Amino acid sequence: MPELAEVDYFRRRWDAGVGAGVVAVHLHSAARVFRGCDVAALAPRLRGAVLEKSLAHGKQMLFGLSGGAWLGVHLGMTGELRVEAAGHRAARHDHLVLHQAGRALVFADSRMFGRVRFDLSPEGPPAWWRDLPPGILTPGFSEGWVAGHLGRRARAPLKAVLLDQSIFPGVGNWMADEILWRLGLHPLTPAGALDAEAQSAVRQHTRWVARRALATIGVDWRDPPAAWLYRHRWASGNRCPRPPCRTFLVREEAAGRTTCWCPACQPPLPGTTRSSAAKPVRTGHRREKPRAGQA
DNA sequence: ATCTCTGTTCACAA
DNA sequence: GTTGTGAACAGAGA
């Protein structure tokens with residue numbers, strides 16, 4: 001589930017427990033989500049600590065507790081944060097439960113691609129957090145930052161570059177498709193094929209999608225408007241939501257991930273895309289109707 | 001039974 | 001060094 005906006009939604013859920021102490025910790029210490037984590041130190045340190053703050057950065061979350069304890073959470077593919085009633089009994093996939101007087105904060109993850117970290121760092125957030133790349137909505141996510149990385153990955157498909165967390169932290173599969181659709185660029189467009197104007201557009205659309213997703217999904221899991229590709233990319237009989245277009249959307253694998261795009265609004269840049277590079281996944285009917293011009 | 005999946009990482013090929 | 005591919009992780013849901 002989780003990309004930048006979904007992550008922030010889950011982070012806010014646990015804010016119900018900010019300012020309150022942790023009276024007990026329950027965890028499935030052998031669960032894969034604790035790989036690389038000092039589980040033995042975690043429970044004793046969190047017990048009795050007060051949850052002071054929550055932070056989100058792309059797909060990463062960090063919870064600060066009194067005593068310099070920091071709990072990092074990545075939700076992977078199926079992770080979620082919930083708030084349950086006080087005394088909650090951990091279900092099968094509830095790998096970490098922070099019991100507070102008034103509620104229980106739960107981290108659950110069925111597939112366990114997610115991950116929990118624990119650090120003691122009295123001076124502030126741990127080093128790995130400080131080393132994260134500039135957030136999409138921060139000044140560091142500049143034209144130079146974006147253009148530089150697009151240039152460095154010149155031959156890589158744009159879709160693959162958008163999914164690179166060290167460049168576009170928080171962008172996941174659906175956000176990448178949404179951004180490409182708004183750019184009018186084919187997912188397999190080589191990143192190096194963009195001119196300065198298109199590079200700037202990549203940054204603008206990325207920021208716009210992130211901001212709007214945070215204001216909808218990020219607040220109450222509300223769907224973004226029907227005018228977004230987001231609302232149509234999985235539906236059957238799926239057509240491009242751009243008003244005059246209505247072309248049947250394509251779903252194929254690109255850069256190793258199922259990718260949805262509009263063949264009319266996102267034609268391949270001439271001479272760039274190898275037509276055999278994408279293999280069909282389960283496409284609807286499609287109409288060959290190339291349209292000239294791209295942003 | 002079979003296939004899919006809003007993620008990451010690793011080994012290996014080109 | 002870069003890029004693509006496939007597998008692995010592990011479970012639920014269609």
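These figures come from a predicted structure and were not determined experimentally. So you know, we letter chains A, B, ... as the sequences are listed, proteins then strands, and number each from 1.
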K.L.:
Specify the separation, in whole Å, of atom CD of A:Glu253 and atom P of C:dA7.
P.N.:
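So the two atoms are 11 Å apart, to the nearest Å.
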K.L.:
Could you tell me how far apart A:Met175 (CE) and B:dC5 (P) are, to the nearest whole angstrom?
P.N.:
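So the two atoms are 20 Å apart, to the nearest Å.
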K.L.:
So if I take every side-chain heavy atom of A:Arg153 and compare against C:dT3, B:dG7, B:dC5, which nucleotide ends up nearest?
P.N.:
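So the side chain of A:Arg153 is nearest to C:dT3.
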K.L.:
Using modelled atom types only, decide if a donor and an acceptor are shared between the side chain of A:Arg242 and the backbone of A:Trp181 within a distance under 3.5 Å.
P.N.:
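Pair found, side chain donor or acceptor close to backbone of A:Trp181.
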K.L.:
Output the rounded distance in Å from CZ (A:Arg35) to P (B:dG7).
P.N.:
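One finds 15 Å between P of B:dG7 and CZ of A:Arg35, rounded.
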K.L.:
Would you say A:Arg212 has more than 12 foreign heavy atoms packed within less than 6.0 Å of its CZ?
P.N.:
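Incorrect, the count does not exceed 12.
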K.L.:
Linking Ile, Leu, Val, Met, Phe, Trp and Tyr through side-chain heavy atoms less than 4.5 Å apart, which residues share a cluster with A:Val106?
P.N.:
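For the cluster that includes A:Val106, the remaining residues are A:Val97.
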K.L.:
Taking protein heavy atoms under 4.0 Å as touching, what does nucleotides 9-14 of chain B look like 5' to 3' if B marks base contact, S marks sugar-phosphate-only contact and - marks none?
P.N.:
------
K.L.:
Quick one: list whatever passes ring pair (Phe, Tyr, Trp, His ring centres under 6.0 Å) with A:His26, sequence neighbours left out.
P.N.:
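Here the qualifying residues are A:His28.
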K.L.:
Which part of the nucleic acid, if any, lies within reach of A:Ala154 when heavy atoms closer than 4.0 Å are counted: base, sugar-phosphate only, or nothing?
P.N.:
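The residue A:Ala154 makes sugar-phosphate contact but no base contact.
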K.L.:
Round to the nearest Å and state the distance from A:Leu132 atom CG to B:dT8 atom P.
P.N.:
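After rounding, the gap between these two atoms is 12 Å.
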K.L.:
To the nearest Å, give me how far apart CG (A:Leu188) and P (C:dT3) are.
P.N.:
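To the nearest whole Å, that distance equals 14 Å.
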K.L.:
Sequence neighbours left out, what pairs pass salt bridge (charged side-chain N to carboxylate O under 4.0 Å, His left out) with at least one residue falling in residues 144-171 of chain A?
P.N.:
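Salt bridge (charged side-chain N to carboxylate O under 4.0 Å, His left out) check on residues 144-171 of chain A returns A:Arg153-A:Asp164, A:Lys159-A:Asp177.
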K.L.:
Roughly how many Å is it from CD in A:Glu3 to C1' in B:dG7, rounded to a whole number?
P.N.:
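Taking atom C1' of B:dG7 as the reference, CD of A:Glu3 is at 9 Å.
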K.L.:
With sequence neighbours left out, what residues match A:Asp220 under side chain to side chain donor-acceptor pair (under 3.5 Å)?
P.N.:
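Partners of A:Asp220 under the side chain to side chain donor-acceptor pair (under 3.5 Å) test: A:Arg222.
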K.L.:
Check side-chain contact (heavy atoms from CB on, under 4.5 Å) between A:Phe63 and all other residues, then give those that pass, not counting sequence neighbours.
P.N.:
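If we apply the side-chain contact (heavy atoms from CB on, under 4.5 Å) test to A:Phe63, skipping adjacent residues, the hits are A:Arg11, A:Trp14, A:Leu51, A:Ser54, A:Met61, A:Leu71, A:Val73, A:Leu81.
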K.L.:
Apart from A:Trp70 itself, what residues make up its hydrophobic cluster, given side-chain heavy atom links below 4.5 Å?
P.N.:
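Its cluster mates, by chain and number, are A:Leu55, A:Leu62, A:Trp128, A:Trp129, A:Leu132.
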K.L.:
Between P on C:dT3 and CG on A:Leu150, what's the gap in Å once rounded to a whole number?
P.N.:
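Taking CG of A:Leu150 and P of C:dT3, I get 12 Å after rounding.
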K.L.:
Provide the full list of salt bridge (charged side-chain N to carboxylate O under 4.0 Å, His left out) pairs with a residue in residues 94-115 of chain A, sequence neighbours left out, each pair given once.
P.N.:
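Salt bridge (charged side-chain N to carboxylate O under 4.0 Å, His left out) check on residues 94-115 of chain A returns A:Arg82-A:Asp94.
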K.L.:
Show your reasoning for whether ring pair (Phe, Tyr, Trp, His ring centres under 6.0 Å) applies to A:Phe168 and A:Phe141.
P.N.:
CA-CA 9 Å; A:Phe168 297 93; A:Phe141 190 77; 5.8 Å; yes
K.L.:
Scan for side chain to side chain donor-acceptor pair (under 3.5 Å) pairs involving residues 56-68 of chain A, sequence neighbours excluded, and state none if there are none.
P.N.:
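Listed by first then second residue: nothing to list.
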K.L.:
Say you pick atom P in C:dG1 and the same atom in B:dT8; how far apart are they, in whole Å?
P.N.:
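So the two P atoms sit 24 Å from each other.
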K.L.:
Provide, to the nearest angstrom, the distance between the CZ atom belonging to A:Arg257 and the P atom belonging to C:dA7.
P.N.:
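In whole Å, C:dA7 P and A:Arg257 CZ are 16 Å from each other.
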K.L.:
How would you summarise protein contacts on nucleotides 8-14 of chain C per nucleotide, using B for base, S for sugar-phosphate only and - for none, with heavy-atom distances below 4.0 Å?
P.N.:
-BBBS--
K.L.:
Closest to the A:Thr258 side chain: B:dC5, B:dT8, B:dG7?
P.N.:
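Within the option list, the nearest is B:dC5.
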K.L.:
Any chance you could encode DNA chain C as dot-bracket? Rule is Watson-Crick or G-U wobble with both distances under 3.5 Å; [ ] for pairs crossing earlier ones, | for another strand.
P.N.:
.||||||||.||||
K.L.:
So, using ring pair (Phe, Tyr, Trp, His ring centres under 6.0 Å) as the criterion, who are the partners of A:His149 when residues are at least two apart?
P.N.:
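Ring pair (Phe, Tyr, Trp, His ring centres under 6.0 Å) list for A:His149, sorted by chain: A:Trp145.
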